[in-house]
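Have a look at the structure below, then the notes.
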Amino acid sequence: MPVVVAGFGGFCLIFGAVAWALSHNADLALVGERAFTVVSLSALFVGVFILWSAVDLYAGGGRARGTVTEIRESRSRVAEEVRGPGGGAVRRDAETFTFVPIVRFTTPEGREVEFHGRGGSGTALAAGDVVNVVYDRSQPGRARIISFTDLWLPAATFFVVALFFGLAVRLSRWNRRRATGRSSRSIS
């Protein structure tokens, strides 16, 4: 939760800085490039931190066989407004589902541990399935199912965001250089 709050606060700061720069007649392309650079570097930093944590757990953690005790389903209802082809707005309720596996395993010392796997819109697991688990020996509650989704997907997501925003910055700079080169040639 602290990471989410910090991320939301960071985005608010970026939007405030962009608004301030634009109110002082800054170049929109330059402001956008700088804001996208901050987002890209922030996502890269968070991705590296998450990857480091996953590698630390995977390389130094204990291994156990766990059992999926249940799949928790959470529902949320969101009201959305959709514009039709004629331009009219239609309000509708959209319902989303998230499925989270609850896994229980026992450490070699006999301690029984239960943790929540990563949730998603679908699940390949069912109650009673046996899964491989990696856990922190000093804090067994810090555990993950050994799978791409549980261990590596969060870091990969942040790296994709960093790449996307970084490429947008590169494309913007390339377009500005190209436009500057064209305008200087037409002046000569």
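The CD1 atom of Ile50 sits 8.5 Å away from atom OG1 of Thr157, with the distance rounded to the nearest 0.5 Å. In this structure, Ile71 CD1 and Ile102 CD1 are separated by 8.0 Å, a value rounded to the nearest 0.5 Å. For the atom pair CZ (Arg170) and CD (Glu33), the distance works out to 10.5 Å, reported to the nearest 0.5 Å. In this structure, Leu171 CG and Arg178 CZ are separated by 9.5 Å, a value rounded to the nearest 0.5 Å. Atom CZ of residue Arg144 and atom OH of residue Tyr135 lie 15.5 Å apart, to the nearest 0.5 angstrom. Here the OG1-CD distance, from Thr106 to Glu112, works out to 4.5 Å after rounding to the nearest 0.5 Å.
Closest of all the heavy-atom pairs between Gly166 and Ser40 is N-OG, 3.5 Å. Across all non-hydrogen atoms, the minimal contact from Asp129 to Ala126 is OD2-N, 2.8 Å. Taking both residues in full, the closest heavy atoms of Pro154 and Thr149 are given as CD-O, 3.6 Å, listed atom of the first, atom of the second, then distance. For Ala143 against Phe105, the heavy-atom pair with the smallest separation is CB-CE2, 3.8 Å. Scanning all heavy atoms of the two residues, the minimum distance from Ala43 to Val161 falls at CB-CG1, 3.8 Å. Nearest heavy-atom pair across Gly60 and Arg137 is O-NH1, 2.7 Å.
Other residues sharing a hydrophobic cluster with Leu30 under the 4.5 Å side-chain heavy-atom criterion for ILVMFWY residues do not exist; the residue is a singleton. Cluster partners of Phe159, by chain and number: Leu44, Val48, Leu51, Val55, Leu57, Tyr58, Val134, Ile146, Phe148, Leu151, Trp152, Leu153. The rule joins Ile, Leu, Val, Met, Phe, Trp and Tyr whenever side-chain heavy atoms lie under 4.5 Å apart.
Considering only residues two or more places apart in sequence or on other chains, Arg34 meets the salt bridge (Lys or Arg N to Asp or Glu O under 4.0 Å) condition with none of them.
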Applying side-chain contact (heavy atoms from CB on, under 4.5 Å) to Asn132 and Arg65, what does each step give before you reach the verdict?
CA-CA 5 Å; Asn132 292 318; Arg65 302 278 286 167; 2.7 Å; yes
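Between Val113 and Arg104, every side-chain heavy-atom pair lies at or beyond the 4.5 Å cut-off.
Looking only at distances, no side-chain donor or acceptor of Asn175 sits under 3.5 Å from a matching main-chain atom of Ser172. With Ser53 contributing its side chain and Phe49 its backbone, the two residues share no donor-acceptor pair below 3.5 Å. No donor-acceptor distance shorter than 3.5 angstrom exists from the side chain of Arg118 to the backbone of Ile145, with no hydrogens or angles considered.
Note on Leu41: it does not cluster hydrophobically with Phe158, by side-chain heavy-atom contacts below 4.5 Å among ILVMFWY residues.
Phe36 CZ: 12 or fewer foreign heavy atoms inside a 6.0 Å radius.
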